[in-house]
Amino acid sequence: MSSAIATPEKPVHKDFFHKAREARSGFRSLVNRVLSILCVTLAFLALIPLLSIIFLVLKKGLPLLTWSVFTQLPPAAGQIGGGIGNAVVGTLLMVGVALVIATPFGILSAIYVNEYAPYSRLANAVRFVAKLLTGIPSIICGVFAYAVIVLTTGGFSAWAGGFALAILILPTILLTAEQALIGVSKAYREASYGLGATNFQTIWRIVLPDALPAMMTGIMLAVARAAGETAPLIFTALFSQYWIQSLKEPTASLSVLIYNFSTVPFPHQIQMAWTASLVLVILVTIANVSAQIVFRKK
Amino acid sequence: MADQSTGIEQGGIKAFRKGPDLFRVLCWVASAATVATLAWIIVEITHQSWPAIRESGIGFLFGDKWIPNRGIYGVLPFLIGTAVSSLIALLFALPLGLSIAIFLSEDFLPLPIRQAIRFTVEMLAAIPSVVYGLWGIAVVIPLVKTFGSWAVVAFKDIPVLNTLFAPPAYGNSMLTASLVLALMILPTITAISRTALVAVPGTLREGAYALGATRWEAILGVIIPTAAPGIVAATILALGRAMGETMAIAMLIGNSSRLTSSLLAPAGTLAGLLANQFGEAEGMQVSSLMYAALLLVAMTLLVNMAGEFVLRYTQKRTAGIR
């Protein structure tokens with residue numbers, strides 16, 4: 001009975017809904033496709049600046065990149081020739097100072113935080129402070145080193161620059177060392193205690209050797225970070241036209257050389273800045289890549 | 001957290017400790033020193049800026065002139081410059097970073113290509129700030145100059161745009177600095193957003209598909225809302241990074257202490273001010289710069305703490321869904 005009435009209407013309904021649904025799903029899949037294309041395009045767009053940076057650094061930096069660049073002093077204003085030898089030495093030296101200061105504090109803190117008292121108030125404070133320190137602008141490390149060292153010793157020095165960089169990399173070393181310790185299997189620790197080892201023996205002979213490769217990763221990442229930084233150095237280590245004689249005097253660095261030479265009106269100096277950029281990028285990349293390799297071995 | 005292998009002093013192991021442990025004391029000292037470092041930084045900078053704080057007090061924040069040789073120190077142009085440059089950078093970097101994060105967490109293209117893009121974005125983070133500055137001088141400044149001289153003519157009669165793009169068009173400008181800044185915070189936004197997107201359980205996506213959602217209906221309706229706190233954290237932490245970024249900005253923004261509404265005019269930021277003036281500063285200027293540094297520390301600490309808390313909240317929340 002009802003089917004007799006419904007029968008003529010049914011195809012009409014079906015047709016109407018079908019069309020509507022088709023139109024809607026057509027629109028939906030169109031939106032879907034457009035958004036997908038947009039998303040992929042934007043992702044590839046991010047490649048352009050990086051490629052541009054790498055291309056320019058190579059194109060403008062390579063012509064002056066010869067061995068003599070590493071053995072000569074920076075050219076004076078308006079002069080041709082010269083190199084970036086003292087800046088390379090200065091950068092390596094100050095990164096070394098930073099490592100010597102920051103590594104013991106970072107690793108010992110990580111051991112306390114993960115091995116001795118993981119749930120203590122101090123451990124939580126250390127984790128929180130380390131996170132906050134990673135967020136502190138690098139120039140603040142410079143300001144701090146200026147206040148603590150430059151103002152008290154009365155001069156700019158490699159010490160001050162190294163100290164500023166140490167503050168900068170301390171949280172990196174600490175947090176990666178903590179992750180390295182977390183990665184050590186608990187069974188090792190228990191086996192060590194089972195054999196009657198003390199805390200110190202367990203940490204020193206069992207935990208640390210196993211965590212060492214991952215800790216090295218953190219240290220290499222810290223080197224990469226410290227080598228590229230400029231802001232902590234411009235008013236702590238300042239710059240120098242000469243080879244470094246002692247850690248107590250102003251010291252050249254690659255990054256500050258780039259900064260200083262980037263604004264001068266002499267084409268040769270600007271080109272030297274590009275060469276220094278190339279050397280710096282290579283240095284930072286080597287540090288980053290070796291960090292990855294050390295980590296993969298683990 | 002349960003499977004983390006931490007702690008000698010948990011459970012029965014504590015009983016095995018033999019006597020006082022000197023190494024433990026050493027580790028405690030290092031930990032205490034780490035915590036003290038942050039306090040030391042704040043105390044030392046406050047101490048150094050005390051003469052300026054006593055002299056100009058809160059008025060320092062609202063003074064719109066910075067003329068060291070006349071002893072006038074007002075930090076307002078730099079405060080505004082820091083805020084505006086960071087916000088514009090976010091405006092550019094957020095859509096781009098989020099798109100890349102979505103791209104990396106979806107399967108639009110095969111894994112090797114996605115990994116190549118991910119590697120590229122990570123490379124962006126490894127390039128030193130000063131190299132961005134040098135590149136900005138060579139590439140972005142000419143581009144912005146060209147765009148600027150076009151924009152001042154094109155937007156001459158359009159109400160809001162003609163104040164944002166007012167003549168004369170400089171290359172060293174707020175716009176140049178913000179664009180490069182956007183590039184520099186892109187890795188932060190991408191990495192943290194990607195982590196948040198990947199953490200969304202697959203069952204939620206499958207549920208959306210089962211209800212007939214298209215891919216983007218699932219992304220926009222289910223996945224992004226679930227990952228939202230993580231994306232907010234990424235944005236906040238990127239903002240913190242942007243506010244503290246120094247060298248590229250100091251090389252590109254023109255370092256002017258004049259307040260203008262034009263994005264094509266030189267401006268200044270707190271970090272840029274410190275970078276430019278500390279080397280040759282003396283007396284009251286050092287103290288005033290320390291005061292500016294203190295403000296920068298306060299701002300970045302607040303922003304980063306907010307970001308950390310949101311990130312922690314996110315982790316708790318997604319832990320609940322799993």
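Quick note: numbers below take in every heavy atom, side chains included, and nothing from hydrogens, waters or symmetry partners. Below, chains carry the letters A, B, ... as their sequence lines are ordered, and counting in each starts from 1.
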(request) Counting only heavy atoms closer than 4.5 Å, note whether A/I167 contacts chain B via side chain, backbone, both or neither. (result) side chain
(request) Taking the side chain as every heavy atom from C-beta outward, state whether B/V130 and A/L280 have any pair of such atoms under 4.5 Å apart. (result) yes
(message) Using side chain to side chain contact (heavy atoms under 4.5 Å, CB included), reason through B/I127 and A/L50 one step at a time and then give a plain yes or no.
(response) CA-CA 9 Å; B/I127 290 178; A/L50 184 82; 3.6 Å; yes
(request) Mind checking the CZ-CD spacing from B/F23 to A/E115? Nearest 0.5 Å is all I need. (result) 9.5 Å
(message) Measuring from atom CD1 of A/I111 to atom SG of B/C27, what distance do you get when rounded to the nearest 0.5 angstrom?
(response) 5.0 Å
(message) Please classify the contact of B/T300 with chain A as side chain, backbone, both or neither, using a heavy-atom distance under 4.5 Å.
(response) side chain
(message) Can you tell me which portion of B/L186 sits under 4.5 Å from chain A's heavy atoms? Options are side chain, backbone, both or neither.
(response) side chain
(message) If you define the side chain from C-beta out and look only at heavy atoms, does anything of B/P95 sit under 4.5 Å from A/L42?
(response) no
(message) Could you measure the distance from the CZ atom of B/F278 to the CD1 atom of A/I234? Nearest 0.5 Å is fine.
(response) 10.0 Å
(request) Measure A/I54 against the heavy atoms of chain B and call it side chain, backbone, both or neither at under 4.5 Å. (result) side chain
(request) Go through the atoms of B/L109 and report whether side chain, backbone, both or neither lie under 4.5 Å from a heavy atom of chain A. (result) side chain
(request) Spell out, as yes or no, whether a donor-acceptor pair under 3.5 Å connects the side chain of A/N32 to the backbone of B/T214. (result) no
(request) Side chain from CB out, backbone as N, CA, C, O: work out which of these in A/Y188 comes under 4.5 Å of a heavy atom of chain B, or both, or neither. (result) neither
(request) Check each atom of B/I113 against the heavy atoms of chain A and say whether the ones under 4.5 Å are side chain, backbone, both or neither. (result) side chain
(message) To the nearest 0.5 Å, what is the distance between OG on A/S262 and CE on B/M247?
(response) 8.0 Å
(request) Determine the option with the most heavy-atom pairs under 4.5 angstrom with chain B, choosing from A/L56, A/L132, A/V126. (result) A/L132
(request) With the side chain counted from C-beta on, respond yes when B/L26 and A/L108 share a heavy-atom pair under 4.5 Å apart, and no when they do not. (result) yes
(request) Side chain from CB out, backbone as N, CA, C, O: work out which of these in A/L133 comes under 4.5 Å of a heavy atom of chain B, or both, or neither. (result) side chain
(message) Quick check for you: among B/R114, B/H47, B/E122, B/E217, which has the greatest number of heavy-atom pairs under 4.5 Å with chain A?
(response) B/E217
(request) Could you check if a side-chain atom of A/V284 sits within less than 4.5 angstrom of a side-chain atom of B/P128, using non-hydrogen atoms only? (result) yes
(message) Counting only non-hydrogen atoms closer than 4.5 Å, does A/V57 touch chain B with its backbone (N, CA, C, O), its side chain (CB onward), both, or neither?
(response) side chain
(request) Count the heavy atoms of every other residue, nucleotide or ligand shown that sit under 6.0 Å from CZ of B/R118, and state whether that count exceeds 12. (result) no
(request) Sort A/L174 into side chain, backbone, both or neither according to what part of it lies under 4.5 angstrom from a heavy atom of chain B. (result) side chain
(request) Please state whether the side chain, the backbone, both or neither of A/L170 comes within less than 4.5 Å of a heavy atom of chain B. (result) side chain
(message) Is the ring pair A/F44/B/F103 parallel, tilted or perpendicular, if the boundaries are 30 and 60 degrees?
(response) perpendicular
(message) For B/V140, which atoms come within 4.5 Å of any heavy atom of chain A: side chain, backbone, both, or neither?
(response) neither
(request) Tell me, for A/S52 versus chain B, whether the close heavy atoms (under 4.5 Å) come from the side chain, the backbone, both or neither. (result) both
(request) Counting only heavy atoms closer than 4.5 Å, note whether B/L124 contacts chain A via side chain, backbone, both or neither. (result) both
(request) Can you tell which part of A/A273 gets under 4.5 Å to a heavy atom of chain B, answering side chain, backbone, both or neither? (result) both
(message) Do A/T263 and B/M251 make a side-chain contact, defined as non-hydrogen atoms from C-beta onward lying under 4.5 Å apart?
(response) no
(request) Give, as side chain, backbone, both or neither, the part of A/L151 having an atom under 4.5 angstrom from any heavy atom of chain B. (result) side chain
(message) Does any part of the side chain of B/W216, heavy atoms only, come nearer than 4.5 Å to the side chain of A/V31, both counted from C-beta?
(response) no
